[in-house]
Amino acid sequence: MRYLPLSDADRGAMLARIGVDSIDALFADIPAEMRLDGLVDLPRRKGEMEVERLLARMAGRNLTAGAAPFFVGAGAYRHHVPATVDHLIQRSEFLTSYTPYQPEIAQGTLQYLYEFQTQVAALTGMEVANASMYDGSTACGEAVLMAHRVTRRRKAVLSGGLHPHYAEVVRTLSRMASDDVVTLAPDVTASEDLLASIDDSVSCVVVQTPDVFGNLRDLTAIGEKCRAHGALLVAVFTEAVSLGLVTPPGAMGADIVVGEGQSIGNALNFGGPYVGLFAARAKHVRQMPGRLCGETVDAEGRRGFVLTLSTREQHIRRDKATSNICTNSGLCSLAFTIHMTLLGQAGLKRLARVNHANAVKLADMLAGVPGVDVLNATFFNEFTLRLRRPAAEVVEALAGKGVLAGVPYSRLDPGAGLDDLLLVASTEINTDDDRAALVAGLKEVL
Amino acid sequence: MAETRYTKDHEYIRVDGDTGTVGITDFAQSQLGDVVFVELPAVGKTVAKGDEAAVVESVKAASELYAPVSGEVVEVNGALTDAPATVNEDPKGHGWFLKLKLKDPSELQGLMTEDQYNDYVANL
Amino acid sequence: MLNRQGRPTAAADASGSGRATFTGNRALLQSEALLFEIGRLDTTGVDIDEPEPFTPRLGGLERKGDIGLPGLSEPEAMRHYVRLSQQNYGIDTGLFPLGSCTMKHNPRLNERVARLPGFADVHPLQPVSTVQGALEAMDQLGRWLLELTGMEAVALSPKAGAHGELCGMMAIKAAIEAKGEGATRKVVLVPESAHGTNPATAALIGFEVKAVPAREDGTVDVESVRAMAGPDVAAIMLTNPNTLGLFERDIVDIARILHAAGAYFYCDGANFNAIVGKARPGDLGVDAMHINLHKTFSTPHGGGGPGSGPVVLSPRLAPFAPLPFLTREGGTLGLVEMARDHAGERPFGRLTAFHGQMGMFVRALAYMLSHGADGMKQASEDAVLNANYVRACLSDLLSLPFGDRPCMHEVLFDDTWLKGTGVTTLDFAKAMIDEGYHPMTVYFPLVVHGAMLVEPTESESRASLDLFIATLRDLALSATSGDTERFTGAPYLAPRRRLDETRAARSPVLRWTPPEPVSEAAE
């Protein structure tokens, strides 16, 4: 087996050195009747060529985003990722290193995490950010738990514009922890009255902007009312590129900002791995979940970085930890920070403008298609259509024509009675040909 | 004259009238290492003997300070928040954590005297 | 109250780092400033054309002013990150004996196939008719995991080991509530040697954690479990092989006791790599176990993630598996993403958006296909053999807290042998850095004083192990013969000397901020 360096001669000599006569002697603690004698019922080893062929065949059965006019979003977005990013994250010293528990030989990881934290804080307009979470949805769940710790209350209010998967993650956690959750009805046009649900019993209000329907939301009034009632405003985003063009939650009074960082530096990957971004006001830092990297000096006075405030974490605090989280999304946060460094604010702003321009262009074209209504007054790079046929059927029909038209809202929230809604995203990857193909396809199938 | 009593968890309480000043012993601070953070209770909180009253953190450990006796927290040493090192430098002086208004002074009888505590530490 | 680990955290004294250079660089090792010190706000390394003029639809919510994100041109960015990478130690650099973390070789074939556009460039919400190959990869991974563990069902979505623990414990909680025992079964038994994630997970969803004592030999005391297993107990969380590197030899009895008491058996599968192909958790009586694909099945650790923590479930827990899950009708795979009215399904909810760590699934599947049933069994045997070889070759110098008996994939030493030397476990670990090794896991598990947990993995050759053993022997003899400075000041030769963690924690600096402008009028 190509991954195993020991020869049979090595094995024999090593067993002799250990002082046992067979490898099974080392497994003697496994109850004899539970030991497997032969092999499990699975295929035998395969060469590299064979494995690659098998997996390439599976991969070949998927319609790839790059092979079709592509308008799918709803929490994951296809952007162009510079070749430099994927090259750098595959460097051995990044790819095959561990959590930086020995900081003297992990300054590479620690310094990029410190830079990542600074970038995320700047992007969201917040004071501090952690070294990443699993993804946006789990970051959202953790934000609610953190708000409960800070406020010592246990009731969250979820906006009807929150991504249904995110809402379901929060509800699952809350149900299990016996916390309260109020979920507002799906709010297609950002017209819900969140202010009415804020009172002295509420720990936090969770609002997404751009929301799942694409609407932009001004959070200022919600933030003010939260403050007046001792509640926290948790702002959520699923499209990080939007922050290059849209007022950041930190400037609208958010106390915690969480979001999905996938769209910067990371491929679609059929849903993961992604990278959760988590930022907060500095005064709450000791209630934050996840790893934090901080600056310090070494024994010779040179600047260096370490994981810090570790006493919040499970490996020290155990059942009193702020979260059970252990890993972060190391390599995905590296991809994020490299792409962000390549962009800089100059590139990010321009990228965001191109996204918005493409979406505006597409929305205007679609508005002219019979049987299509564009529902958004505002949006960044994603908006909602009302179709005269169930959106799931339309998407399926268009997929048959090689066009990936978007996400039927009913797929995310089947019971909502909103089967005619289609979420359509448009990023910098879309060309005039793509847009024309979507318009023509819709005209045909509607 | 103030009298100081000790717990097996290395807290001290220095009693003056019906109020006791609580902190951790010199032995405790030396075992903890550099204190980096102290979490103090709210003034007005009532605690029972043995309840977690505060948390003291070093870089790699978080430890609870348990109330040596029952009572109400009447004052906390807010200066520790900005200068946690005081716990290391002067645990029985400026490094105190909180003051308790004793609920039942007889609980003190169950605690160690200074001599008893010194013996206890010597045998650890 | 006490820091029983005795771990020093202050920086060591400076001395002996050799000849100074003008730049601070050391030949191939280049120091690198922060991005914020070398980047410029008007620089970008990505060429994008401005869009044609258009009317924005931002409703007045346009971001104004600087964001504070400097950019670098492509060559500058390349150099910045390459130099940073050179300050890291990885598996490809050398032996990485980090106990409990399983730092085995990461095959690059796995990286290649995970990047096939058919896997990497596919959106999780595309119509399922367009992603049959992706679903097939997930389905096949699930089948391999079930066959290797002897379990009934698998939940693929958990994003890491701790997330998998949460998944398994939520399934247990849901099963208990379905039986109407939610109000009474509140206790979860956890041995003191457990990973910190175990008690943290149990506490997170409202369970009360009770510690189970260990016996003299480091394994769980089955009599204590018997005494504790009452109608108030929901589950035990047990790592097997445990964190001391020992197989819990009474595991079958423990499972029977818990089942008889109406409770469940959660197994922390972090150390499954020791027994793949040798024993199946399902046969042992496990009800739920997470599998760290990034440990047992070699997906890269990536400097701390991404992980992936699928959970296998027994028949008793299978109905409660979370959303989403796969279905198969004829030759077509489907995906159940939201709760539906369907006989036998009682999903407890959803743990994450979308379907899990697909990129890790593909890598793990490539690993499994490459090894096959025979290769995976051999890998487990080699991992155990390597750990025992290290034990046998060091047991005369280092102290073994539970006696000189066979271990599984990792061997645990304590610091008894260092007593009186003035050298701590941490010092010893730091001296290993100077010798070119990543240290073993230190100060974990907590039940052993000055723990040193060594996991060489099956990826090491005998020659590599011999060199490692010789190095540790040299260091050990040096420590016990009074050469303390080699240890207390170490590392001398790493990119940084020991870092002041106290300072970092007392006044946290968690982000770069622009330096205060220098006032010219200052006197």
Side-chain angles (χ1 to χ4, degrees), chain A residues 1 5 10 18 29 39 42 44-45 55 58-59 61-64 72 91-93 96-97 99 104-105 107-109 118 122 134 137 165 168 172 176 247 267 269-273 294-296 298-300 304 308 314-315 318-319 321 324 326-327 330-331 342 344-347 357 378 399 407, chain C residues 11 14 44-46 51 59 61 67-69 71 84-85 87-92 113 116-118 120-121 123-125 127 130 133 159-160 162 196 199-201 203 205 209 247 249 302-307 349-350 353-354 357-359 372-373 375 392 461-462 494 496-497 504 509 511-512:
Chain A
M1 209 289 137
D10 290 330
I18 295 164
D29 281 344
L39 296 176
L42 288 167
R44 304 295 179 90
R45 73 187 69 175
L55 286 164
M58 274 184 229
R61 295 179 59 207
N62 301 318
L63 176 57
T64 63
V72 188
R91 285 199 51 103
S92 285
E93 305 91 329
T96 76
S97 58
T99 304
E104 299 88 350
I105 46 173
Q107 285 297 302
T109 295
T118 307
Y134 304 137
S137 67
H165 282 181
E168 189 57 30
T172 300
M176 289 289 171
T247 310
N269 282 324
F270 198 52
E295 184 185 318
T296 187
D298 79 352
E300 293 177 13
T308 192
Q314 47 75 25
H315 62 276
R318 299 176 80 84
D319 55 329
N324 80 332
C326 181
T327 24
L331 212 61
L342 283 164
Q345 66 173 34
T378 61
V407 179
Chain C
T44 180
V46 180
L61 289 171
I67 304 176
L69 295 169
L84 289 185
S85 78
Q87 298 175 31
N88 267 5
Y89 191 101
I91 308 164
D92 295 349
V113 293
L116 290 170
D121 194 20
H123 192 288
L125 297 177
T130 67
K159 298 247 157 188
T201 299
I205 56 173
V209 176
F247 191 92
R249 57 190 157 82
R350 173 178 275 280
F354 313 128
Q357 307 284 61
M358 181 66 178
S461 69
R462 189 176 162 205
R496 285 290 178 275
R497 302 287 304 283
V509 179
R511 62 175 291 187
W512 181 84

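The chains referred to below are lettered A, B, ... by the order of the sequence lines, with proteins before strands, and numbering in each begins at 1.
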Tell me which of these, A/Leu342, A/Thr378, A/Leu331, has more heavy-atom pairs under 4.5 Å with chain C than the rest.
A/Leu342

Mind checking the OG-CD spacing from A/Ser97 to C/Gln87? Nearest 0.5 Å is all I need.
12.5 Å

Per-residue contact mode, A/Arg44 against chain C (heavy atom under 4.5 angstrom)
both

Part of A/Val72 lying under 4.5 Å from any heavy atom of chain C
both

Can you see which heavy atom on C/Arg497 is nearest to which on A/Glu104, and at what distance?
O-CG, 3.4 Å

What residue, out of A/Glu168, A/Arg91, A/Glu295, has the most heavy-atom pairs lying under 4.5 Å from chain C?
A/Arg91

Quick one: of C/Leu116, C/Asp121, C/Leu84, who has the most non-hydrogen atom pairs under 4.5 Å with chain A?
C/Asp121

Relative to chain A, which of C/Gly90, C/Gly349, C/Gly302 shows the most heavy atom pairs under 4.5 Å?
C/Gly302

Under a 4.5 Å heavy-atom cut-off, does chain C meet the side chain of A/Met176, its backbone, both or neither?
both

Give the intermediate values and the outcome of side-chain hydrogen bond (donor to acceptor under 3.5 Å, both in side chains) for residues C/Asn88 and A/Thr109.
CA-CA 7 Å; C/Asn88 267 5; A/Thr109 295; 2.7 Å; yes

When you measure from the side chain of A/Gln345 to the backbone of C/Gly68, do you find a donor-acceptor pair of N or O atoms at a distance under 3.5 Å?
yes

Output yes when a side-chain donor or acceptor of C/Thr44 lies under 3.5 Å from a complementary backbone atom of A/Ala346, and no otherwise.
no

For chain C, the option from A/Leu39, A/Thr99, A/Thr172, A/Asp10 that forms the most heavy-atom pairs under 4.5 Å
A/Thr172

Residue selection (most heavy-atom pairs with chain A, distance under 4.5 Å) from C/Gly196, C/Gly372, C/Pro117
C/Gly196

Quick one: of C/Ala203, C/Pro127, C/Gly59, who has the most non-hydrogen atom pairs under 4.5 Å with chain A?
C/Pro127

Among C/Ala494, C/Gly71, C/Pro51, single out the residue with the greatest number of heavy-atom pairs under 4.5 Å to chain A.
C/Pro51

Who wins among A/Gly294, A/Pro273, A/Gly344 for the most heavy-atom pairs under 4.5 Å with chain C?
A/Pro273

Would the distance check show the side chain of A/Asp29 and the main-chain N or O of C/Arg249 forming a donor-acceptor pair, the cut-off being under 3.5 Å?
no

Chain A contact via C/Ile67 - side chain, backbone, both or neither, heavy atoms under 4.5 Å
both

Closest-packed option against chain A by number of heavy-atom pairs under 4.5 Å, given C/Val46, C/Val113, C/Leu61:
C/Leu61

Can you give me the closest heavy-atom contact between A/Phe270 and C/His123, atom names plus distance?
CD1-O, 3.6 Å

Who wins among A/Leu42, A/Thr308, A/Val407, A/Thr64 for the most heavy-atom pairs under 4.5 Å with chain C?
A/Leu42

Could you give the distance from CG (A/Leu63) to OG1 (C/Thr130), rounded to the nearest 0.5 Å?
5.5 Å

